[in-house]
Amino acid sequence: MLTLSDIPRVVVLGAGYGGLQAALRLEGLSRKTGPLEIILVDTNNYHQLITKLHEVAAGSISPERAIIPLTRLLAGRAINFLQATVEKLHLDEQRVVTSAGEVAYDALVVALGSETEFFGIPGAEESSFTLRSCTDALRIKSQLRKVVATAADEPDEARRRPMLTFVISGGGFTGVELAAELADELPVLARAHGIDPRQVDLLILEAAKDIMPGFPAPLVGLARKILSEKRVTVRADSPVVRVAGSSVEIKGGDALATQTLIWAVGVRCGDLLATSGLQTGVRGRAIVNPYLETVTHLNVYVVGDAALVLDPATGRPVAPSAQLAVGQGHLVGYNIWANSVARPRVAYRPKVLGEVVSLGRRQVLARIRGHMFDGRLAKWMKEFAEMRYLYKIGGVKLLRDYLGLASAGWGGWSGKSSTSET
Ligand SMILES: Cc1cc2nc3c(=O)[nH]c(=O)nc-3n(C[C@H](O)[C@H](O)[C@H](O)COP(=O)(O)OP(=O)(O)OC[C@H]3O[C@@H](n4cnc5c(N)ncnc54)[C@H](O)[C@@H]3O)c2cc1C
(Lines give C-alpha, C1' and ligand atoms only; values in the text may rest on other atoms or scores of the structure.)
Protein backbone atom coordinates (compact mmCIF):
# COMPACT_ATOMS: atom_id res chain seq x y z
CA MET A 1 0.00 0.00 0.00
CA LEU A 2 1.24 3.46 -0.87
CA THR A 3 1.34 5.42 2.37
CA LEU A 4 1.40 9.07 3.28
CA SER A 5 4.67 10.87 3.93
CA ASP A 6 5.17 14.28 5.58
CA ILE A 7 4.20 15.99 2.34
CA PRO A 8 0.43 16.28 1.91
CA ARG A 9 -0.76 13.93 -0.79
CA VAL A 10 -3.49 14.74 -3.28
CA VAL A 11 -4.85 11.86 -5.33
CA VAL A 12 -6.74 12.71 -8.52
CA LEU A 13 -8.90 9.93 -9.94
CA GLY A 14 -9.36 10.24 -13.70
CA ALA A 15 -7.12 11.97 -16.24
CA GLY A 16 -9.97 13.27 -18.38
CA TYR A 17 -10.97 16.90 -18.83
CA GLY A 18 -11.68 17.61 -15.16
CA GLY A 19 -9.03 15.48 -13.45
CA LEU A 20 -6.13 16.47 -15.68
CA GLN A 21 -6.95 20.12 -15.21
CA ALA A 22 -7.14 19.75 -11.41
CA ALA A 23 -3.75 18.01 -11.31
CA LEU A 24 -2.07 20.54 -13.61
CA ARG A 25 -3.41 23.56 -11.74
CA LEU A 26 -2.44 22.13 -8.38
CA GLU A 27 1.04 21.31 -9.58
CA GLY A 28 1.49 24.80 -11.05
CA LEU A 29 0.41 26.49 -7.83
CA SER A 30 2.32 24.22 -5.46
CA ARG A 31 5.57 24.85 -7.35
CA LYS A 32 5.56 28.38 -5.99
CA THR A 33 4.59 27.72 -2.40
CA GLY A 34 5.93 24.34 -1.40
CA PRO A 35 5.52 20.75 -2.33
CA LEU A 36 2.40 18.69 -2.52
CA GLU A 37 2.58 15.11 -3.64
CA ILE A 38 0.20 14.66 -6.56
CA ILE A 39 -0.84 11.26 -7.85
CA LEU A 40 -2.99 11.03 -10.97
CA VAL A 41 -4.75 7.69 -11.51
CA ASP A 42 -6.37 6.48 -14.73
CA THR A 43 -7.15 3.17 -16.39
CA ASN A 44 -5.60 4.46 -19.58
CA ASN A 45 -2.15 5.87 -20.06
CA TYR A 46 -3.50 8.65 -22.24
CA HIS A 47 -5.79 11.67 -22.05
CA GLN A 48 -8.74 11.38 -24.42
CA LEU A 49 -10.04 14.26 -26.49
CA ILE A 50 -13.58 12.93 -26.32
CA THR A 51 -14.86 15.86 -28.35
CA LYS A 52 -13.04 14.40 -31.39
CA LEU A 53 -14.29 10.83 -31.13
CA HIS A 54 -16.93 11.19 -33.84
CA GLU A 55 -14.15 12.05 -36.26
CA VAL A 56 -12.21 8.92 -35.25
CA ALA A 57 -15.37 6.79 -35.62
CA ALA A 58 -15.90 8.03 -39.16
CA GLY A 59 -12.23 7.61 -40.03
CA SER A 60 -11.81 11.34 -40.69
CA ILE A 61 -8.85 11.52 -38.30
CA SER A 62 -6.45 8.95 -36.91
CA PRO A 63 -6.91 7.84 -33.27
CA GLU A 64 -3.63 9.59 -32.39
CA ARG A 65 -5.46 12.86 -32.90
CA ALA A 66 -7.88 12.01 -30.12
CA ILE A 67 -5.46 10.78 -27.48
CA ILE A 68 -2.44 12.34 -25.86
CA PRO A 69 -0.06 10.05 -23.99
CA LEU A 70 0.17 11.03 -20.33
CA THR A 71 3.93 10.54 -20.37
CA ARG A 72 3.92 13.36 -22.91
CA LEU A 73 1.58 15.59 -20.91
CA LEU A 74 3.20 15.07 -17.53
CA ALA A 75 6.85 15.26 -18.65
CA GLY A 76 8.74 17.69 -16.42
CA ARG A 77 5.81 18.04 -14.05
CA ALA A 78 5.77 16.93 -10.44
CA ILE A 79 2.79 14.66 -10.95
CA ASN A 80 3.09 10.91 -10.47
CA PHE A 81 0.95 8.88 -12.80
CA LEU A 82 -0.49 5.54 -11.71
CA GLN A 83 -2.08 3.49 -14.47
CA ALA A 84 -4.75 1.55 -12.62
CA THR A 85 -8.49 1.08 -12.42
CA VAL A 86 -10.18 2.54 -9.37
CA GLU A 87 -12.24 -0.19 -7.72
CA LYS A 88 -13.41 1.22 -4.40
CA LEU A 89 -13.18 4.35 -2.27
CA HIS A 90 -12.80 3.97 1.52
CA LEU A 91 -13.55 7.59 2.28
CA ASP A 92 -13.65 7.32 6.07
CA GLU A 93 -10.15 5.83 6.01
CA GLN A 94 -8.89 8.16 3.26
CA ARG A 95 -7.75 5.43 0.92
CA VAL A 96 -8.54 4.29 -2.59
CA VAL A 97 -8.48 0.69 -3.78
CA THR A 98 -7.13 0.29 -7.30
CA SER A 99 -6.16 -2.62 -9.53
CA ALA A 100 -2.54 -1.75 -8.71
CA GLY A 101 -2.99 -1.64 -4.93
CA GLU A 102 -4.21 0.87 -2.36
CA VAL A 103 -3.40 4.55 -2.29
CA ALA A 104 -3.86 6.73 0.77
CA TYR A 105 -4.61 10.43 0.45
CA ASP A 106 -4.97 13.69 2.34
CA ALA A 107 -7.21 15.21 -0.32
CA LEU A 108 -9.04 13.42 -3.12
CA VAL A 109 -10.40 14.59 -6.47
CA VAL A 110 -12.91 12.27 -8.09
CA ALA A 111 -13.05 12.93 -11.84
CA LEU A 112 -14.08 9.56 -13.21
CA GLY A 113 -16.54 10.88 -15.79
CA SER A 114 -19.70 9.04 -16.72
CA GLU A 115 -20.93 6.09 -18.71
CA THR A 116 -23.75 5.53 -21.19
CA GLU A 117 -27.30 5.46 -19.83
CA PHE A 118 -29.58 2.98 -21.58
CA PHE A 119 -32.67 3.93 -19.55
CA GLY A 120 -33.51 0.25 -19.05
CA ILE A 121 -34.60 -0.05 -22.70
CA PRO A 122 -34.64 -3.79 -23.44
CA GLY A 123 -31.82 -4.90 -25.73
CA ALA A 124 -30.26 -1.45 -26.08
CA GLU A 125 -27.07 -2.14 -24.17
CA GLU A 126 -26.50 -5.57 -25.72
CA SER A 127 -27.16 -4.57 -29.31
CA SER A 128 -25.72 -1.10 -29.75
CA PHE A 129 -22.40 0.62 -30.20
CA THR A 130 -21.48 3.46 -27.86
CA LEU A 131 -19.15 6.41 -28.35
CA ARG A 132 -17.45 7.12 -25.04
CA SER A 133 -13.83 6.28 -25.75
CA CYS A 134 -11.31 5.95 -28.52
CA THR A 135 -11.76 2.19 -28.36
CA ASP A 136 -15.51 2.66 -28.94
CA ALA A 137 -14.79 4.97 -31.87
CA LEU A 138 -12.50 2.40 -33.45
CA ARG A 139 -15.14 -0.28 -32.98
CA ILE A 140 -17.63 1.85 -34.90
CA LYS A 141 -15.09 2.55 -37.61
CA SER A 142 -14.39 -1.14 -37.98
CA GLN A 143 -18.12 -1.97 -38.06
CA LEU A 144 -18.76 0.52 -40.88
CA ARG A 145 -16.05 -1.06 -42.96
CA LYS A 146 -17.21 -4.57 -42.16
CA VAL A 147 -20.90 -4.11 -43.00
CA VAL A 148 -20.29 -2.13 -46.18
CA ALA A 149 -17.82 -4.77 -47.41
CA THR A 150 -20.27 -7.57 -46.53
CA ALA A 151 -23.14 -5.73 -48.24
CA ALA A 152 -21.10 -5.53 -51.43
CA ASP A 153 -21.05 -9.34 -51.59
CA GLU A 154 -24.68 -9.82 -50.59
CA PRO A 155 -27.01 -10.35 -53.55
CA ASP A 156 -30.19 -10.69 -51.46
CA GLU A 157 -31.75 -7.22 -51.13
CA ALA A 158 -33.63 -8.09 -47.91
CA ARG A 159 -30.41 -9.18 -46.21
CA ARG A 160 -28.42 -6.32 -47.67
CA ARG A 161 -30.73 -3.52 -46.48
CA PRO A 162 -29.96 -3.78 -42.72
CA MET A 163 -26.25 -3.79 -43.56
CA LEU A 164 -26.59 -0.43 -45.28
CA THR A 165 -28.90 1.09 -42.67
CA PHE A 166 -27.15 3.05 -39.90
CA VAL A 167 -29.19 4.26 -36.94
CA ILE A 168 -28.11 6.77 -34.32
CA SER A 169 -30.29 6.93 -31.23
CA GLY A 170 -30.08 10.48 -29.87
CA GLY A 171 -30.20 13.80 -31.68
CA GLY A 172 -28.20 15.79 -29.14
CA PHE A 173 -24.87 17.35 -30.06
CA THR A 174 -23.07 14.00 -30.02
CA GLY A 175 -25.62 12.21 -32.22
CA VAL A 176 -25.80 15.06 -34.71
CA GLU A 177 -22.03 15.49 -34.97
CA LEU A 178 -21.60 11.76 -35.46
CA ALA A 179 -24.37 11.52 -38.06
CA ALA A 180 -22.92 14.38 -40.11
CA GLU A 181 -19.43 12.92 -39.96
CA LEU A 182 -20.68 9.46 -41.00
CA ALA A 183 -22.70 11.07 -43.80
CA ASP A 184 -19.43 12.33 -45.27
CA GLU A 185 -17.67 8.99 -44.92
CA LEU A 186 -20.30 6.38 -45.83
CA PRO A 187 -20.73 7.41 -49.50
CA VAL A 188 -16.95 7.19 -49.94
CA LEU A 189 -16.92 3.72 -48.40
CA ALA A 190 -19.92 2.62 -50.46
CA ARG A 191 -18.38 3.77 -53.73
CA ALA A 192 -15.11 2.04 -52.84
CA HIS A 193 -17.08 -1.23 -52.68
CA GLY A 194 -19.05 -0.59 -55.86
CA ILE A 195 -22.26 0.30 -53.99
CA ASP A 196 -24.44 3.20 -55.09
CA PRO A 197 -24.31 5.65 -52.09
CA ARG A 198 -28.05 6.23 -52.48
CA GLN A 199 -28.55 2.74 -51.10
CA VAL A 200 -27.10 3.83 -47.77
CA ASP A 201 -29.63 4.99 -45.14
CA LEU A 202 -28.48 7.04 -42.17
CA LEU A 203 -31.05 8.00 -39.56
CA ILE A 204 -31.18 9.91 -36.30
CA LEU A 205 -33.92 8.86 -33.89
CA GLU A 206 -34.65 11.60 -31.37
CA ALA A 207 -37.13 11.25 -28.51
CA ALA A 208 -37.79 15.01 -28.16
CA LYS A 209 -39.69 17.28 -30.52
CA ASP A 210 -36.49 18.39 -32.20
CA ILE A 211 -32.77 17.72 -32.33
CA MET A 212 -30.09 19.60 -30.35
CA PRO A 213 -32.24 20.72 -27.42
CA GLY A 214 -31.18 24.09 -26.00
CA PHE A 215 -29.50 25.25 -29.23
CA PRO A 216 -31.02 28.39 -30.83
CA ALA A 217 -33.84 27.60 -33.26
CA PRO A 218 -32.15 29.25 -36.31
CA LEU A 219 -29.05 27.09 -35.81
CA VAL A 220 -31.17 23.96 -35.32
CA GLY A 221 -32.94 24.83 -38.59
CA LEU A 222 -29.59 25.20 -40.31
CA ALA A 223 -28.38 21.91 -38.85
CA ARG A 224 -31.49 20.14 -40.15
CA LYS A 225 -30.92 21.63 -43.60
CA ILE A 226 -27.29 20.51 -43.67
CA LEU A 227 -28.24 17.02 -42.44
CA SER A 228 -30.92 16.75 -45.09
CA GLU A 229 -28.44 17.78 -47.81
CA LYS A 230 -26.19 15.01 -46.54
CA ARG A 231 -29.12 12.57 -46.84
CA VAL A 232 -29.46 12.07 -43.09
CA THR A 233 -33.06 11.34 -42.06
CA VAL A 234 -34.05 12.97 -38.78
CA ARG A 235 -37.01 11.42 -36.99
CA ALA A 236 -38.05 13.52 -34.00
CA ASP A 237 -40.54 12.27 -31.40
CA SER A 238 -39.21 8.79 -32.12
CA PRO A 239 -37.69 7.23 -29.01
CA VAL A 240 -36.31 3.72 -29.26
CA VAL A 241 -38.41 1.50 -26.99
CA ARG A 242 -36.86 -1.92 -27.61
CA VAL A 243 -34.00 -3.48 -29.50
CA ALA A 244 -34.21 -7.11 -30.50
CA GLY A 245 -31.14 -8.25 -32.41
CA SER A 246 -31.10 -6.16 -35.56
CA SER A 247 -34.63 -4.79 -35.09
CA VAL A 248 -34.92 -1.33 -33.51
CA GLU A 249 -38.45 -0.66 -32.32
CA ILE A 250 -39.66 2.93 -32.14
CA LYS A 251 -42.49 4.26 -29.99
CA GLY A 252 -45.70 3.88 -31.95
CA GLY A 253 -44.90 0.44 -33.31
CA ASP A 254 -42.60 1.21 -36.23
CA ALA A 255 -39.36 -0.82 -36.47
CA LEU A 256 -36.12 -0.47 -38.39
CA ALA A 257 -33.81 -3.28 -39.40
CA THR A 258 -30.16 -2.37 -38.94
CA GLN A 259 -26.87 -4.02 -38.17
CA THR A 260 -25.49 -0.76 -36.80
CA LEU A 261 -27.28 0.99 -33.96
CA ILE A 262 -25.21 3.64 -32.20
CA TRP A 263 -26.43 4.77 -28.80
CA ALA A 264 -25.65 8.46 -28.45
CA VAL A 265 -28.08 9.49 -25.77
CA GLY A 266 -27.88 9.68 -22.01
CA VAL A 267 -25.10 9.61 -19.46
CA ARG A 268 -25.01 8.39 -15.89
CA CYS A 269 -22.32 7.75 -13.29
CA GLY A 270 -21.23 4.25 -12.40
CA ASP A 271 -22.06 2.73 -9.00
CA LEU A 272 -18.66 3.52 -7.51
CA LEU A 273 -19.69 6.87 -6.07
CA ALA A 274 -22.87 5.73 -4.34
CA THR A 275 -21.42 2.44 -3.09
CA SER A 276 -18.52 4.36 -1.57
CA GLY A 277 -20.87 6.32 0.64
CA LEU A 278 -21.08 9.56 -1.30
CA GLN A 279 -24.45 11.25 -1.40
CA THR A 280 -25.65 11.10 -4.98
CA GLY A 281 -28.51 12.65 -6.92
CA VAL A 282 -29.84 12.52 -10.43
CA ARG A 283 -28.06 9.99 -12.71
CA GLY A 284 -25.83 8.90 -9.82
CA ARG A 285 -23.83 12.16 -9.78
CA ALA A 286 -22.23 13.11 -6.44
CA ILE A 287 -23.76 16.06 -4.62
CA VAL A 288 -21.17 18.78 -3.95
CA ASN A 289 -21.09 22.09 -2.10
CA PRO A 290 -20.20 25.42 -3.81
CA TYR A 291 -16.47 24.57 -3.46
CA LEU A 292 -17.13 21.31 -5.34
CA GLU A 293 -16.41 19.33 -2.18
CA THR A 294 -18.70 16.42 -1.33
CA VAL A 295 -21.32 17.14 1.27
CA THR A 296 -20.43 13.99 3.20
CA HIS A 297 -16.62 13.99 3.20
CA LEU A 298 -14.50 17.11 3.51
CA ASN A 299 -11.38 17.15 1.36
CA VAL A 300 -13.06 14.92 -1.21
CA TYR A 301 -13.85 16.93 -4.31
CA VAL A 302 -15.82 15.80 -7.35
CA VAL A 303 -15.65 17.44 -10.77
CA GLY A 304 -16.96 16.94 -14.29
CA ASP A 305 -19.67 14.48 -15.26
CA ALA A 306 -19.40 12.74 -11.88
CA ALA A 307 -20.46 15.87 -9.99
CA LEU A 308 -23.98 17.18 -9.50
CA VAL A 309 -23.08 20.86 -9.61
CA LEU A 310 -25.77 23.44 -9.18
CA ASP A 311 -25.62 26.68 -11.11
CA PRO A 312 -25.98 29.34 -8.39
CA ALA A 313 -27.76 31.61 -10.88
CA THR A 314 -30.55 29.13 -11.65
CA GLY A 315 -30.33 26.56 -8.86
CA ARG A 316 -30.42 23.87 -11.55
CA PRO A 317 -27.74 21.22 -12.20
CA VAL A 318 -25.26 22.21 -14.90
CA ALA A 319 -25.16 19.94 -17.94
CA PRO A 320 -22.20 17.60 -18.23
CA SER A 321 -19.68 19.06 -20.66
CA ALA A 322 -15.94 19.09 -21.28
CA GLN A 323 -15.96 22.86 -21.08
CA LEU A 324 -17.44 22.85 -17.57
CA ALA A 325 -15.33 19.89 -16.43
CA VAL A 326 -12.18 21.86 -17.30
CA GLY A 327 -13.41 24.90 -15.34
CA GLN A 328 -14.31 22.74 -12.36
CA GLY A 329 -10.94 20.97 -12.38
CA HIS A 330 -9.20 24.32 -12.54
CA LEU A 331 -11.15 25.59 -9.54
CA VAL A 332 -10.66 22.46 -7.45
CA GLY A 333 -6.91 22.55 -8.14
CA TYR A 334 -6.96 26.06 -6.73
CA ASN A 335 -9.16 25.21 -3.74
CA ILE A 336 -7.00 22.29 -2.64
CA TRP A 337 -3.91 24.44 -2.92
CA ALA A 338 -5.66 27.31 -1.06
CA ASN A 339 -6.53 24.89 1.75
CA SER A 340 -2.92 23.77 1.96
CA VAL A 341 -1.64 27.33 2.41
CA ALA A 342 -4.54 28.50 4.59
CA ARG A 343 -6.02 30.84 2.00
CA PRO A 344 -9.74 31.22 1.38
CA ARG A 345 -11.26 28.92 -1.18
CA VAL A 346 -13.35 30.14 -4.11
CA ALA A 347 -16.95 29.16 -4.83
CA TYR A 348 -17.77 27.75 -8.25
CA ARG A 349 -19.55 29.78 -10.92
CA PRO A 350 -20.09 28.00 -14.23
CA LYS A 351 -18.68 29.83 -17.25
CA VAL A 352 -20.11 28.71 -20.55
CA LEU A 353 -18.54 30.52 -23.48
CA GLY A 354 -20.81 28.77 -25.93
CA GLU A 355 -21.25 25.66 -28.00
CA VAL A 356 -19.58 24.67 -31.23
CA VAL A 357 -21.04 21.83 -33.28
CA SER A 358 -19.37 20.31 -36.32
CA LEU A 359 -21.59 19.03 -39.11
CA GLY A 360 -19.19 16.93 -41.06
CA ARG A 361 -15.80 17.80 -42.40
CA ARG A 362 -16.62 21.25 -43.70
CA GLN A 363 -19.48 22.81 -41.74
CA VAL A 364 -19.60 24.13 -38.20
CA LEU A 365 -22.31 25.95 -36.25
CA ALA A 366 -21.54 27.95 -33.13
CA ARG A 367 -23.18 30.01 -30.44
CA ILE A 368 -20.58 32.09 -28.63
CA ARG A 369 -21.59 34.51 -25.93
CA GLY A 370 -25.11 34.53 -27.32
CA HIS A 371 -24.02 35.25 -30.91
CA MET A 372 -24.68 32.76 -33.69
CA PHE A 373 -22.10 31.80 -36.28
CA ASP A 374 -21.80 29.45 -39.21
CA GLY A 375 -19.47 29.10 -42.18
CA ARG A 376 -15.80 29.83 -42.03
CA LEU A 377 -15.93 31.91 -38.87
CA ALA A 378 -17.57 29.08 -36.93
CA LYS A 379 -15.04 26.59 -38.31
CA TRP A 380 -12.22 28.87 -37.25
CA MET A 381 -13.73 29.19 -33.77
CA LYS A 382 -13.85 25.42 -33.40
CA GLU A 383 -10.21 25.10 -34.41
CA PHE A 384 -9.28 27.95 -32.10
CA ALA A 385 -11.12 26.32 -29.16
CA GLU A 386 -9.29 23.03 -29.77
CA MET A 387 -5.89 24.71 -30.05
CA ARG A 388 -6.58 26.80 -26.97
CA TYR A 389 -7.30 23.67 -24.98
CA LEU A 390 -4.12 21.96 -26.13
CA TYR A 391 -2.14 25.05 -25.25
CA LYS A 392 -3.75 25.13 -21.81
CA ILE A 393 -2.75 21.56 -20.99
CA GLY A 394 0.58 21.34 -22.77
CA GLY A 395 1.78 24.77 -23.86
CA VAL A 396 3.31 25.65 -27.21
CA LYS A 397 5.28 22.42 -27.42
CA LEU A 398 2.20 20.20 -27.28
CA LEU A 399 0.43 22.41 -29.78
CA ARG A 400 3.35 22.21 -32.16
CA ASP A 401 3.67 18.44 -31.80
CA TYR A 402 -0.08 17.94 -32.23
CA LEU A 403 -0.18 20.02 -35.37
CA GLY A 404 2.79 18.06 -36.72
CA LEU A 405 1.13 14.71 -36.04
CA ALA A 406 -0.16 14.07 -39.53
CA SER A 407 2.02 11.14 -40.49
CA ALA A 408 4.36 10.34 -37.64
CA GLY A 409 1.96 9.91 -34.69
CA TRP A 410 3.16 11.00 -31.26
CA GLY A 411 6.81 10.93 -32.24
CA GLY A 412 6.49 7.14 -32.29
CA TRP A 413 4.96 7.09 -28.80
CA SER A 414 1.51 6.10 -29.88
CA GLY A 415 2.51 2.45 -29.66
CA LYS A 416 2.83 2.88 -25.92
CA SER A 417 -0.84 3.66 -25.48
CA SER A 418 -3.25 0.81 -25.00
CA THR A 419 -5.57 1.89 -27.80
CA SER A 420 -4.97 0.07 -31.03
CA GLU A 421 -6.61 0.50 -34.38
CA THR A 422 -8.74 -2.43 -35.41
C1 LIG B 1 -18.83 11.64 -28.21
C2 LIG B 1 -18.84 12.78 -27.24
C3 LIG B 1 -18.65 14.07 -27.70
C4 LIG B 1 -18.64 15.13 -26.81
N5 LIG B 1 -18.45 16.40 -27.29
C6 LIG B 1 -18.40 17.43 -26.43
C7 LIG B 1 -18.13 18.75 -26.90
O8 LIG B 1 -17.96 18.97 -28.10
N9 LIG B 1 -18.04 19.75 -25.99
C10 LIG B 1 -18.20 19.51 -24.65
O11 LIG B 1 -18.10 20.46 -23.86
N12 LIG B 1 -18.47 18.29 -24.16
C13 LIG B 1 -18.57 17.24 -25.01
N14 LIG B 1 -18.83 15.98 -24.55
C15 LIG B 1 -19.00 15.77 -23.10
C16 LIG B 1 -17.63 15.68 -22.44
O17 LIG B 1 -16.79 14.81 -23.14
C18 LIG B 1 -17.74 15.25 -20.99
O19 LIG B 1 -18.67 16.07 -20.34
C20 LIG B 1 -16.36 15.36 -20.32
O21 LIG B 1 -15.48 14.42 -20.89
C22 LIG B 1 -16.44 15.16 -18.82
O23 LIG B 1 -15.15 15.28 -18.28
P24 LIG B 1 -14.74 14.40 -17.02
O25 LIG B 1 -13.39 14.84 -16.61
O26 LIG B 1 -15.83 14.40 -16.02
O27 LIG B 1 -14.70 12.91 -17.58
P28 LIG B 1 -13.81 12.28 -18.73
O29 LIG B 1 -13.22 13.32 -19.60
O30 LIG B 1 -14.66 11.24 -19.34
O31 LIG B 1 -12.63 11.59 -17.93
C32 LIG B 1 -12.85 10.51 -17.05
C33 LIG B 1 -11.52 9.77 -16.92
O34 LIG B 1 -11.67 8.80 -15.88
C35 LIG B 1 -11.10 7.59 -16.31
N36 LIG B 1 -11.78 6.53 -15.58
C37 LIG B 1 -13.11 6.26 -15.58
N38 LIG B 1 -13.37 5.28 -14.72
C39 LIG B 1 -12.19 4.91 -14.17
C40 LIG B 1 -11.82 3.96 -13.17
N41 LIG B 1 -12.71 3.19 -12.55
N42 LIG B 1 -10.51 3.87 -12.84
C43 LIG B 1 -9.58 4.66 -13.42
N44 LIG B 1 -9.88 5.58 -14.35
C45 LIG B 1 -11.18 5.70 -14.71
C46 LIG B 1 -11.31 7.55 -17.81
O47 LIG B 1 -10.34 6.70 -18.44
C48 LIG B 1 -11.13 9.03 -18.17
O49 LIG B 1 -9.80 9.32 -18.50
C50 LIG B 1 -18.86 14.90 -25.43
C51 LIG B 1 -19.07 13.59 -24.96
C52 LIG B 1 -19.07 12.54 -25.86
C53 LIG B 1 -19.29 11.14 -25.33
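Whatever order the structure lists them in is the order used to number ligands and atoms, beginning at 1. For the numbers below, each heavy atom of this structure counts, side chains included, while hydrogens, waters and symmetry mates do not. Keep in mind it's a predicted model, so treat the numbers as computed, not measured.
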Compare all side-chain heavy atoms of L390 with those of L49 and state whether any distance is below 4.5 angstrom. yes

Heavy-atom side-chain proximity of L202 to K230 below 4.5 angstrom: no

Near ligand 1, which residues have a heavy atom under 4.0 Å away from one of its atoms? G14, A15, G16, Y17, G18, D42, T43, N44, I50, T51, A84, T85, V86, A111, L112, G113, L131, R132, T174, G304, D305, P320, S321, A322, Q323, A325

We want to know whether R132 and S114 form a side-chain donor-acceptor pair, criterion being a heavy-atom distance below 3.5 angstrom. yes

Count the heavy atoms belonging to other residues, nucleotides or ligands that lie under 6.0 Å from CG of D271, then report whether that count exceeds 12. no

Is the closest side-chain heavy-atom distance between E185 and S60 below 4.5 Å? no

Row check, Y402 ring normal vs R65 NZ/CZ: under 6.0 Å, within 45°: yes

